[in-house]
Amino acid sequence: MKKPTVAASDALPAWDGDVAAARALQARLAARVRLEDDYPPLRWIAGVDVGFEADGTVTRAAAVLLDARTLAPQDEALARLPTRMPYIPGLLSFRELPAVLEALAGLPRTPDLVFVDGQGVAHPRGLGIAAHLGVVTGLPTVGVAKSILVGTHDEIGPRRGDRAALRYHGRTIGTVLRSKDGVRPLIVSPGHRVALDTAPGLVLACCTRYRLPEPTRLADRLASRRDRQDRLPGL
DNA sequence: GCGACAG
DNA sequence: ATCTTGTCGC
């Protein structure tokens, strides 16, 4: 990748069961997150997501590379690793990042921006999986979650594009964004090298006819093992 | 002390 | 996240 802010081994140590140590590490890595726009002209956008197999004993990550202009999928990569730790709210990245990094490495080229299924800085210590991935790889990232981990917000309108600031301890940490008319809003927050105000527009630009933006939606399909059969052949 | 809690 | 068909609503 480009500018790893820290060595991957230090930023993503093997899970040893020490929750307090993991939280302390998150607090330190959060200081490395850059919330100013600093991404190249968007030519290639990647989407990553994780699924599980065999009763959760196998972690399966998918990475999809799309043409930023047409949103057409260009390449895809899968990675399967034995699951090392349980799901612990707030520590999701330690459980899923190893597989995600391997899937990303499987792509034929480095993306200009990565969409991650989960929070960016909208996290108790400012280091959701999208922010963690950004710090580890040095790549610009944006977190797109389907529900809130922390924070509150005002009610938002029912149409595509309607939004409200997500606040936590008096600070804005993300945006609650309606990606399509009448659907449940997405929780958008920067991961790394993207500004709080910029993230929503990037996500909306990738939302076509579904609630989830194309990068994440396609990665989700691959990771969730329901990639066998698809939609109606006629449409 | 009692809930809440991305995926 | 995952186990799972049809059904209700825009």
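The chains referred to below are lettered A, B, ... by the order of the sequence lines, with proteins before strands, and numbering in each begins at 1.
In this structure, A/G182 reaches neither bases nor backbone, as no heavy-atom distance under 4.0 Å exists between it and the strands shown. No engagement by A/L127 is indicated, since no non-hydrogen atom pair under 4.0 Å with the nucleic acid exists. A/G90 comes within contact range of at least one nucleobase, with a heavy-atom separation under 4.0 Å. Nucleic acid contact for A/D55: none, since no nucleic acid atom lies under 4.0 Å from a heavy atom of the residue.
Rounding to whole angstrom units, CZ of residue A/R178 and P of C/dC10 are separated by 14 Å. As a whole-Å value, the separation of A/R184 CZ from C/dG9 C1' is 16 Å. A/I187 has its CD1 atom 14 Å from the C1' atom of B/dC5, to the nearest Å. Rounded to whole Å, the distance from CZ on A/F115 to C1' on B/dA6 is 17 Å. Atom P of nucleotide C/dA1 and atom CD of A/E96 are separated by 9 Å, given to the nearest angstrom. Atom CZ in A/R95 sits roughly 18 Å away from atom P in B/dC5 (whole-Å rounding). Rounded to whole Å, atom P of B/dA4 lies 20 Å from atom CG of A/L92. The nearest whole Å value for the distance from the CD1 atom in A/I148 to the P atom in B/dG7 is 11 Å.
Applying the 5.5 angstrom centroid cut-off and the 30 degree plane-angle cut-off, the aromatic ring of A/Y87 is not stacked upon the base of C/dA1.
Taking 4.0 Å as the cut-off between side-chain N and carboxylate O, A/D49 and A/R217 do not count as a salt-bridged pair.
For A/S147 and B/dG7, the shortest distance from a side-chain N or O to OP1 or OP2 is below 4.0 Å. Contact annotation: A/K146 side-chain N/O to C/dA1 OP1/OP2 distance is under 4.0 Å.
When ring centroids are compared, A/F94 and A/H132 come within the 6.0 Å threshold.
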* Using the side-chain hydrogen bond (donor to acceptor under 3.5 Å, both in side chains) rule, take A/T216 and A/D117 through it: C-alpha gap first, then chi angles, then the decisive distance, then the call. => CA-CA 6 Å; A/T216 300; A/D117 192 327; 5.9 Å; no

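Comparing A/F52 and A/D181 by the nucleotide of DNA chain C that holds the closest heavy atom to each, the one mapping nearer the 5' end is A/F52.
Under the 4.5 Å side-chain criterion, counting only non-hydrogen atoms from C-beta, A/C207 is not in contact with A/K180.
A single hydrophobic cluster is seen to contain both A/L104 and A/L65, as judged by linkage of ILVMFWY side chains at heavy-atom distances under 4.5 Å, directly or through other members.
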